[in-house]
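Reviewing the structure listed below.
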There are 2 protein chains.
Amino acid sequence: MNATHRGDDERSYHHGDLRKALLQTCCEHIACQGTEGLSLRALARQAGVSPTAPYRHFDSRQALLAALATEGFEELAESMAAADRDDPIEALFECGRNYIRYAEANPVKYHLMFGDVIGDFSGHEALFEAARHCYALLEAKLVNGQESGALRGGDVRELGGTVWAMVHGLAGLVITARSKAAQAPLADILQIAPLRAQQAVAEAPERALLRLMEGLISDPADLAGLWKRWGAEKS
Amino acid sequence: MNATHRGDDERSYHHGDLRKALLQTCCEHIACQGTEGLSLRALARQAGVSPTAPYRHFDSRQALLAALATEGFEELAESMAAADRDDPIEALFECGRNYIRYAEANPVKYHLMFGDVIGDFSGHEALFEAARHCYALLEAKLVNGQESGALRGGDVRELGGTVWAMVHGLAGLVITARSKAAQAPLADILQIAPLRAQQAVAEAPERALLRLMEGLISDPADLAGLWKRWGAEKS
DNA sequence: GCAGCCATGTTTGCAATGTCAACATCATTT
DNA sequence: AAATGATGTTGACATTGCAAACATGGCTGC
């Protein structure tokens with residue numbers, strides 16, 4: 001099977017799965033060298049193909065990055081959708097937690113998704129759609145919580161924007177704390193090294209997330225329950 | 001005075017203040033075209049000098065961007081330091097508000113400061129120092145609040161990181177809401193256009209900021225006072 | 001089984017860029 | 001007025017993104 005794969009010959013005209021190889025190599029390259037010096041030609045070199053071979057798979061350098069970011073949004077959506085608790089408050093909290101965990105586990109893609117590397121999503125329809133879908137997931141959970149009365153009311157778009165922005169900020173912080181210093185200006189600023197102790201890094205953002213939820217929940221009793229469950233889960 | 005300035009001749013060997021002109025042009029260029037296609041040669045062209053003239057003022061392309069970011073941090077520090085109310089809670093709130101306002105007013109520089117354009121601060125000593133100083137200002141206000149008992153205790157570095165991350169997230173959102181779409185992926189995702197009504201944009205982040213402070217303040221009564229003062233100020 | 005199609009790689013070519021080195025010009029100091 | 005250092009210029013080189021035009025070889029219809 002796998003007719004496209006050519007077996008184990010070393011040299012051959014066709015590569016096997018250059019597209020995937022490029023995406024992979026690109027990720028690694030960004031993780032080490034950052035996004036600045038990245039060149040399609042270098043990727044091609046590393047994959048052992050001719051300098052312009054990548055253009056058979058991606059229209060442009062931007063398109064490669066966009067493809068990676070699209071993958072990221074799809075995976076992020078999957079993570080967010082995995083938070084399907086019955087209780088809307090818990091669902092929302094878990095959604096945020098999964099979001100942060102995804103960012104932490106995939107800093108390079110997250111960086112591409114929200115950094116300024118791509119600049120403008122227009123012209124990358126798939127990317128745009130994937131991103132939109134992600135936000136829709138959050139908004140759905142918010143609406144759900146509002147309708148059940150668990151979350152306080154208000155314009156859901158403003159609420160969603162605020163929540164996303166703050167969780168995004170936390171995610172950025174976590175990434176910063178994890179990565180040595182590459183592509184992480186905040187790390188230096190915040191002198192974050194001490195935070196790197198495993199547990200502190202894991203718990204701090206979740207505590208922050210819980211605090212964020214204080215602003216969203218209608219009945220304080222609900223929140224107390226959430227803290228309690230969280231504490232229990234940790235031990 | 002101003003011996004370096006050459007008067008109003010049109011063409012002459014020396015430019016007058018090329019350094020400033022480059023920084024300025026660079027800002028404009030980024031505001032329109034984004035940071036991706038930016039080239040020193042294009043800047044030189046626009047300034048009417050030879051392609052390599054900029055190298056007399058900046059060691060490299062990165063160094064130019066770093067200089068701009070450094071300026072940004074210095075100005076941001078100024079804004080933050082301007083929040084010198086006696087009451088530590090009010091001082092902190094105003095600090096955050098000024099932070100967001102600065103970001104809103106200087107999206108390009110803010111983008112350079114916290115985006116991934118520069119990548120690594122090491123090697124740009126001045127930039128590093130300016131950024132560090134900014135964070136020190138926040139931390140000082142937090143410590144101040146803790147010592148006076150107004151803010152809840154806890155590791156000030158974790159607290160500072162969280163606060164900074166969230167405010168940073170909000171700032172990003174505001175910038176996104178202001179700018180049409182250039183260099184603002186979040187804008188598309190959040191479908192933020194409706195938020196652009198002047199007042200909503202101005203008030204939403206401040207409300208979010210107040211909610212953020214709910215998590216910091218020891219005595220709820222203090223917070224109530226803050227909300228009240230804020231409401232009064234608005235009217 | 002084989003002739004041809006089409007996805008995938010290759011070569012060649014061009015304009016633009018970052019950066020270096022050697023040179024020119026000017027303002028200022030001695 | 002001559003020297004000097006700061007600023008701008010010219011020329012050169014390797015690298016890059018991207019566009020054609022060309023090559024290869026696995027698949028499909030006969």
Side-chain angles (χ1 to χ4, degrees), chain A residues 1-26 29-30 33-68 117-120 123-124, chain B residues 1-26 29-30 33-68 117-120 123-124:
Chain A
M1 309 304 126
N2 195 357
T4 53
H5 191 358
R6 287 183 28 283
D8 47 2
D9 289 59
E10 282 302 324
R11 298 244 146 229
S12 118
Y13 199 88
H14 282 57
H15 177 280
D17 196 346
L18 181 57
R19 185 190 159 88
K20 182 170 285 180
L22 287 174
L23 290 171
Q24 172 67 23
T25 310
C26 181
H29 196 111
I30 294 178
Q33 321 266 345
T35 177
E36 186 70 18
L38 184 90
S39 86
L40 279 192
R41 295 173 105 107
L43 294 183
R45 226 171 294 145
Q46 190 145 357
V49 298
S50 79
T52 65
Y55 284 89
R56 290 295 137 197
H57 297 273
F58 304 98
D59 285 347
S60 68
R61 194 188 106 120
Q62 290 293 315
L64 202 180
L65 277 341
L68 226 35
V117 193
I118 308 219
D120 200 350
H124 304 276
Chain B
M1 310 299 135
N2 195 357
T4 52
H5 191 358
R6 288 182 27 281
D8 47 2
D9 289 59
E10 281 303 321
R11 299 243 146 229
S12 116
Y13 199 87
H14 283 59
H15 176 281
D17 195 347
L18 181 55
R19 183 188 161 90
K20 181 170 285 180
L22 287 174
L23 290 170
Q24 173 67 22
T25 311
C26 181
H29 195 111
I30 294 178
Q33 322 265 347
T35 175
E36 187 70 18
L38 184 91
S39 85
L40 279 192
R41 294 174 105 106
L43 294 183
R45 226 171 295 145
Q46 190 144 359
V49 299
S50 79
T52 64
Y55 282 89
R56 291 294 138 201
H57 297 273
F58 303 98
D59 284 348
S60 69
R61 195 189 107 120
Q62 291 292 316
L64 202 181
L65 277 340
L68 226 35
V117 193
I118 308 220
D120 199 349
H124 303 277

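To find a chain, count down the sequence lines: A is the first, B the second, and so on, and within it residues start at 1. Just so you know, these numbers use all the heavy atoms, side chains as well, and skip hydrogens, waters and symmetry mates.
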Once rounded to the nearest 0.5 Å, what's the spacing between atom [atom1] of [X] and atom [atom2] of [Y]?
X     : Y     : atom1 : atom2 : value
A:L43 : A:Q24 : CG    : CD    : 11.5 Å
B:R56 : B:S50 : CZ    : OG    : 9.5 Å
A:R45 : A:L40 : CZ    : CG    : 11.0 Å
B:T35 : B:H29 : OG1   : NE2   : 9.0 Å
B:L18 : B:H57 : CG    : NE2   : 4.0 Å

Nucleic acid footprint by protein, nucleotides 15-22 of chain C - heavy-atom cut-off 4.0 Å, B for base, S for sugar-phosphate alone: --SBBB-B
[atom1] of [X] versus [atom2] of [N]: gap in Å, rounded?
X     : N      : atom1 : atom2 : value
B:D17 : D:dA6  : CG    : C1'   : 13 Å
A:L43 : D:dT15 : CG    : P     : 16 Å
B:F58 : D:dT7  : CZ    : P     : 11 Å
A:E36 : D:dT15 : CD    : C1'   : 14 Å

Below 4.0 Å: OP1/OP2 of D:dG8 and any side-chain N or O of B:H57: yes
Close side-chain approach of A:L65 to A:L38, heavy-atom, < 4.5 Å: yes
